[in-house]
Amino acid sequence: MNSSAVIAIHGGAGTILRASMAPEVEAEYLAALGRILEAGQRILAEGGSALDAVTEAVRLLEDCPFFNAGHGAVFTAAGTHELDASIMDGRTLEAGAVCGVKRVRNPVLAARRVLECSEHVMFTSEGAEAFAAAQGLEFVEPGYFHTDARYRQWELARGQQRAMLDHDGATLAAGAAQEADAAAGKAGTGEDGLPHEPIDPNRKYGTVGAVALDSHGHLAAATSTGGITNKQPGRVGDTPLIGAGCYADDATCAVSTTGSGEMFMRMVAAYDVAAQMQYRGATLADAAANVVMERLPRIDGRGGLIAVDAQGNVALPFNTEGMYRGYARVGDAPVVAIYR
Ligand code: ASP
């Protein structure tokens, strides 16, 4: 038995500014991260697998309206939602992924079923939904993913004719709201009476992921997202790609990423952390920092990752202003954070 069982999660990285985040909003985010870590921690404490712990943590993150995955996903340029998710078992190197699903309530559960029940690794759009339906997974109407805050964020991104990371869109939305308030001679409060935040106090923002080491010494990783605001329909980022957005191998580490997906794909970011450990003998901290702080910035890659190795070391590097993140060792209180 391995006594260093641990789970780490993220809720996305981007322009998250402490100066414009109200304390009560910050507290809500930290509480949500803490609750979800505790759920994963319980599974590990009972001797459950890393695979089960990351599946449950990401399922809860998808259901939580604060984050850009499942309920609360960002809008595409067509005003729709297209969700991506992946999962990998470090014990067997088995993996599963879905991309472009529009009605599966929890894409991570679909990815898990692909891992367990299919000879394939990845299914896309209608084929992924047909597979999920055959597996008896829960379907929802597309409206389930809609939130007003995300819609406003999308309208702003559309106005600028660009796609953007969820947190950057949130910051833009807050800036526009503050400008409108200033023009109207009002203080920085919205129509709901709440302060304008870079992160809407009631709603979402942030690709999600989890990595874990269980008490049997096995690693797993899972990642889920709505993608980036105003993305072209059919666009797929790093999240569902094994090696880019998600990777796990008991011999090295488990990794889940968040950020500008195109750059994470080009750097094969998640696998690069494992490869640096395997081929150049880097520590987890060194490999993770190299990918996030040196390699990704060379091509303007913005974001971060969470990683855990077979000894229970945890690394949570990011090169943006903030990343919703935390980890919990079995027996210890969860540690959660947002800013640098
Ligand atoms: N990496 C995700 C994507 O490109 C976005 C994010 O992490 O927020 O789809």
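The first residue in the sequence is number 1, and the count goes up from there. Both ligands and their constituent atoms are indexed starting at 1 by order of listing. We use all heavy atoms of the structure for the numbers below, so side chains are in, but hydrogens, waters and symmetry mates are not.
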Would you kindly say whether Gln276 and Asp286 are connected by a side-chain donor-acceptor distance under 3.5 Å? no
Would a line drawn from the ring center of Phe75 to the ring center of His146 be shorter than 6.0 Å? yes
Is it the case that ligand 1 has an N or O less than 3.5 angstrom from some N or O of Thr257? no
If you measure from atom 4 (O) of ligand 1 to every heavy atom of Met263, His10, Arg235, Glu82, which option wins on shortest distance? Arg235
Residue portion contacting ligand 1 (non-hydrogen atoms closer than 4.0 Å) for Thr239: side chain
Please name the residue in the list Thr257, Thr320, Asn319 that meets the side chain to side chain contact (heavy atoms under 4.5 Å, CB included) test with Val292. Asn319
Pull out every atom of ligand 1 sitting under 4.0 Å from any heavy atom of Thr258, numbered as shown with elements. 6 (C), 7 (O), 8 (O)
Any N or O of Thr225 closer than 3.5 Å to N or O of ligand 1: no
Using a strict cut-off of less than 4.0 Å between a Lys/Arg side-chain nitrogen and an Asp/Glu carboxylate oxygen, indicate whether Glu26 and Arg18 qualify as a salt bridge. no
Between the side chains of Glu62 and Ser224, does any donor sit under 3.5 Å from an acceptor? yes
Nearest non-hydrogen atom to atom 2 (C) of ligand 1 belongs to which of Gly245, Gly237, Gly259, Gly209? Gly259
Hey, which atoms in ligand 1 end up nearer than 4.0 Å to a heavy atom of Asp238? 1 (N), 2 (C), 3 (C), 4 (O)
Do Arg158 and Trp154 meet the cation-pi criteria used here (NZ or CZ under 6.0 Å from the six-membered ring centre, within 45° of the axis)? yes
In ligand 1, the atoms that come under 4.0 Å of a heavy atom of Gly227 are 5 (C), 9 (O)
